[in-house]
Amino acid sequence: MGVLEKIRKKITLALAEAAQEAHRAGRLACHELPEFVLEVPHDRVHGDFASNLALLLAQTEKTAPRKVAQTLLEFFRQPGGCISRTEVAGPGFINFYLDPAWHYEVLPEVDAQGEHYGCIDLGGGESVQVEFVSANPTGLLHMGNARGAAVGDTLANVLAAAGYNVQREFYINDAGNQIETFGRSLEARYLQLLGQDVTFPDDGYPGQDLVESMQHLIEQVKDKYLTVDPVLRREMLVKYALKEKLSQMERDLADFRVQYDLWFSEQTLHDSGEIENVLKELQASDYLYEEEGALWFRSTLFGDEKDEVLVRSNGIPTYFAGDIAYHRNKFRRGFDRVINIWGADHHGHVARLKGAMQALGFDPERLQVMIMQLVRLFKGGEPVRMSKRTGEYITLRDLMDDVGVDVARYFFVMRSADSHLDFDLDLAKEQNNENPVYYVQYAHARICSILKQAGAVPAAKDVDCSLLSDPAELALIRKIAELPGEIAYAASHLEPHRLAFYANELANLFHGFYTNCRVLCDEPALSQARLVLANACRITLHNTLHLVGVSAPERM
RNA sequence: GCGCCCAUAGCUCAAUUGGAUAGAGCGACAGACUUCGGAUCUGUAGGUUGGGGGUUCAAUUCCCUCUGGGCGUACCA
């Protein structure tokens with residue numbers, strides 16, 4: 001826990017005790033303490049922390065909030081003398097002004113923790129699985145997958161930094177109708193490439209990538225499959241193409257700095273009997289029924305508009321059946337919590353999947369689904385039309401080639417998941433001050449340049465940090481001190497975009513410090529202290545960028 | 001039609017989950033350095049938070065309604 005978080009906790013506790021004391025002294029009637037907050041005010045003139053406790057108590061006390069605040073302060077006992085001043089302000093807020101001495105504890109802490117600075121133990125080793133991207137292997141990774149990759153990977157990083165035991169997983173949809181369609185598409189391409197006049201299926205996957213895949217295959221086996229039985233042939237083509245496409249996805253994602261702990265195949269759920277098994281388990285309950293030859297799940301019980309088919313009348317289980325088996329499998333593997341990152345086009349599945357988990361006896365709260373809005377691509381001020389139907393769209397690979405990994409990841413993580421993301425390709429390609437990524441990276445490179453000129457960076461414990469008293473210095477230290485709290489917030493609210501904002505604010509305060517305070521100056525002791533501060537800022541920037549998956553260059 | 005999401009400065013987005021005077025970046029305008037990286041810094045202008053109602057000490061945030069967008073609404077995934 002960071003210095004600031006410790007102080008926050010102390011004040012929160014002391015405030016609660018003050019309410020108890022006031023209650024004991026007969027000055028407050030309250031029996032139960034309301035859920036109050038100790039927050040950092042928007043405007044710093046309102047102190048370092050502010051609490052709304054009196055405002056909340058006023059309702060049950062039937063007393064003016066400011067009066068309640070006064071009473072609370074009467075009984076408030078300073079924790080460890082870290083507070084220099086308190087006041088009642090506005091409608092009844094209690095503001096706390098900290099003794100600035102706390103600033104000087106921050107830098108030694110950053111120094112000591114280095115690359116681990118910012119890490120906290122919020123999760124206590126709780127095991128969390130994050131499943132993201134899970135794109136259909138029948139095509140290429142598109143912009144939506146790219147957003148999911150950046151957001152999912154960053155969230156996983158943040159959770160790991162917050163003390164959770166994180167597993168990253170990719171669910172491979174290698175079963176079902178689409179594989180059937182995939183096989184027919186591949187077969188048509190294979191035959192076409194060998195000069196046969198066959199028509200491409202109406203519902204086929206039109207992407208050029210399938211043609212390429214079949215070209216590769218023909219290089220190996222020539223026309224050997226022409227004479228093979230069609231059913232067997234499609235099976236062989238799928239097997240080949242699937243392998244090729246998956247290894248391509250794995251390679252593309254790795255280049256995007258995303259590494260999975262596990263690639264989980266849907267087909268294995270069919271093969272192992274887990275799907276059949278989970279259906280039996282559900283059937284034992286009252287959640288299933290048969291109608292028109294199909295097996296249905298009563299998802300209307302969980303807020304769905306209509307019930308959902310689990311087994312078609314042709315006997316083949318649906319994707320939903322597989323998904324239920326898959327999620328039961330996840331819980332059975334021992335994850336305390338399971339997080340899925342889905343595109344907005346899948347939001348309709350949330351209620352029924354949670355419902356299915358509940359039906360199986362799992363607490364649905366243990367399954368969290370983060371919904372990401374869709375991505376719109378802009379080029380030259382115009383939206384770029386993308387069509388999966390025609391197979392023409394910008395792929396993750398195109399994006400990386402075009403704008404680079406740093407820019408792409410930063411742009412995706414910069415936005416909150418529930419905002420429709422307009423990805424401006426022209427802006428992303430700009431290598432100037434219009435591009436927010438470089439603002440942050442520039443701050444890091446600038447620090448590295450200073451440290452290089454200084455030669456050696458002294459250890460924080462060996463310098464007098466209290467020489468740092470300029471407002472720009474104190475503001476920077478404060479922002480550095482906020483990283484652990486930011487990580488805690490981002491992890492518990494599943495909001496990785498906060499990290500990008502934090503990085504930007506930190507860079508902004510560094511540039512302000514740089515302009516106002518010369519690091520390599522005439523006063524040796526002050527210069528040493530500023531070097532320590534600059535270095536702490538470098539570490540903090542580096543760690544934050546690392547969480548987002550963006551490089552922290554020493555030169556640019 | 002019904003369900004979910006979204007609408008905030010000219011543009012792209014925040015807002016500590018109900019808190020005090022709604023903030024950043026870009027763009028516009030005006031400024032700053034004879035030493036550490038100008039991909040920087042400072043300032044100004046820019047808002048009825050899509051419209052209207054409601055809940056309360058307090059609403060961008062919660063409820064209702066209308067408008068305008070996105071997505072979903074298959075024995076597809």
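In the text below, chain A, chain B and the rest are named by the order of the sequence lines, each starting its count at 1.
- For B/U61 and B/A15, the P atoms lie 14 Å apart once the distance is rounded to whole Å.
- Proximity of residues 41-55 of chain A to RNA chain B (heavy atom under 4.0 angstrom from any strand atom) is restricted to A/P41, A/H42, A/H46, A/A50, A/N52, A/L55.
- The residue A/E495 sits close to a base: some heavy atom pair falls under 4.0 Å.
- Contacts of A/K429 classified as salt bridge (Lys or Arg N to Asp or Glu O under 4.0 Å), with partners at least two apart in sequence or in another chain: A/D402.
- Remark: P of B/U16 and NZ of A/K479 are 14 Å apart, rounded to the nearest angstrom.
- Separation of the P atoms belonging to B/C66 and B/G1 is 10 Å when rounded to the nearest angstrom.
- Looking at heavy-atom distances under 4.0 Å, A/F93 makes contact with a base.
- Across all strands, A/V37 comes closer than 4.0 Å only to sugar-phosphate atoms, never to a base (heavy-atom distances).
- Atom NE2 in A/H142 sits about 12 Å away from atom C1' in B/A77, given to the nearest Å.
- Listed nucleotides: B/A20, B/A77, B/A14. Nearest to the side chain of A/E266: B/A77.
- As rounded to the nearest Å, B/A24 and B/U49 have C1' atoms that lie 16 Å from one another.
- When the P atom is used for both B/G53 and B/U60, the distance is 14 Å, rounded to whole Å.
- Looking at the side chain of A/N504, the nearest of the listed nucleotides B/A24, B/A77, B/U17 is B/A24.
- If you check every strand for non-hydrogen atoms under 4.0 Å, A/A351 touches nothing.
- Judged by atom type and distance alone, A/Y489 reaches the base of B/U17 through a side-chain donor-acceptor pair under 3.5 Å.
- Remark: P of B/U60 and CG of A/D418 are 18 Å apart, rounded to the nearest angstrom.
- With respect to the salt-bridge test (charged N to carboxylate O, under 4.0 angstrom), the residues A/R85 and A/E87 qualify.
- At whole-Å resolution of the value, CD in A/Q59 and P in B/G19 are 14 Å apart.
- Contacts between residues 406-416 of chain A and RNA chain B, defined by a heavy-atom separation below 4.0 Å, involve A/R415, A/S416, listed by number.
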Tell me, with the steps shown, if A/D418 and A/S416 meet side chain to side chain donor-acceptor pair (under 3.5 Å). CA-CA 6 Å; A/D418 57 10; A/S416 77; 2.8 Å; yes
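- Note: OH (A/Y502) to C1' (B/G23) measures 18 Å, nearest angstrom.
- Atom P of nucleotide B/A77 and atom CG of A/N136 are separated by 10 Å, given to the nearest angstrom.
- Counting to the nearest Å, the P atom of B/G18 and the CG atom of A/L38 are 17 Å from each other.
- Side-chain nitrogen and oxygen atoms of A/N508 include at least one within less than 4.0 Å of the OP1 or OP2 phosphate oxygen of B/C41.
- Judged as a ring pair (Phe, Tyr, Trp, His ring centres under 6.0 Å), and not counting sequence neighbours, the contacts of A/H493 are A/Y489.
- Between A/R376 and A/D422 a salt bridge is recorded (basic side-chain N to carboxylate O distance below 4.0 Å).
- With sequence neighbours left out, the salt bridge (Lys or Arg N to Asp or Glu O under 4.0 Å) criterion links A/D406 to A/R257.
- Contact annotation for A/Q441: no contact, since no heavy-atom pair falls under 4.0 Å across all strands.
- Taking all atoms of both residues into account, the shortest heavy-atom contact from A/P34 to A/L57 is CD-CD2, 3.7 Å.
- Using a 4.0 Å cut-off between charged side-chain N and carboxylate O, A/D203 and A/R184 make a salt bridge.
- Between the side chain of A/H349 and the base of B/A77, a donor-acceptor pair under 3.5 Å is found.
- No option in A/E169, A/E274, A/E266 other than A/E169 meets the side-chain hydrogen bond (donor to acceptor under 3.5 Å, both in side chains) test with A/Y326.
- Distance check, rounded to the nearest 0.5 Å: CG of A/L186 to CD1 of A/I179 gives 9.0 Å.
- B/U8 and B/A14 are spaced 10 Å apart, taking the P atom of each and rounding to whole Å.
- Comparing B/G54 with B/U73, their P atoms sit 38 Å apart, to the nearest whole Å.
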Where protein sits on nucleotides 28-38 of chain B, one letter per nucleotide: B base, S sugar-phosphate only, - none, heavy atoms under 4.0 Å: -------BBBS
Starting at the 5' end of nucleotides 68-75 of chain B, put B wherever the base has a protein heavy atom under 4.0 Å, S where only the sugar-phosphate does, and a dash everywhere else. -B-BB-SB
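- Minimum heavy-atom separation, A/L56 to A/E35: CD1-O, 3.4 Å.
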Only Watson-Crick and G-U wobble pairs with both distances less than 3.5 Å should count. Give RNA chain B in dot-bracket notation, marking inter-strand partners with |. (((((.(..((((.....[...)))).(((((.......))))).....(((((..]....)))))).)))))....
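- Judged as a side chain to side chain donor-acceptor pair (under 3.5 Å), and not counting sequence neighbours, A/S51 has no contacts.
- The same atom, C1', is picked in B/C6 and in B/G72; the two are 14 Å apart, to the nearest Å.
- If you check every strand for non-hydrogen atoms under 4.0 Å, A/D307 touches nothing.
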Could you list the donor-acceptor pairs under 3.5 angstrom formed between side-chain atoms of residues 522-530 of chain A and any protein atom two or more places apart in sequence or on another chain?
from: A/S527; atom 1: OG; to: A/V519; atom 2: O; distance (Å): 2.8
from: A/R530; atom 1: NE; to: A/E473; atom 2: OE2; distance (Å): 2.6
from: A/R530; atom 1: NH1; to: A/R518; atom 2: O; distance (Å): 2.8
from: A/R530; atom 1: NH2; to: A/E473; atom 2: OE2; distance (Å): 3.1

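- Here A/E180 pairs with nothing under the side chain to side chain donor-acceptor pair (under 3.5 Å) rule; sequence neighbours left out.
- Distance NE2 (A/H511) to P (B/G25): 12 Å, rounded to an integer number of Å.
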Pair up each side-chain donor or acceptor in residues 505-512 of chain A with any protein partner under 3.5 Å, not counting sequence neighbours, and list the distances.
from: A/E505; atom 1: OE1; to: A/K479; atom 2: NZ; distance (Å): 2.9
from: A/N508; atom 1: ND2; to: A/Y439; atom 2: OH; distance (Å): 3.0
from: A/H511; atom 1: ND1; to: A/R446; atom 2: NH1; distance (Å): 3.0

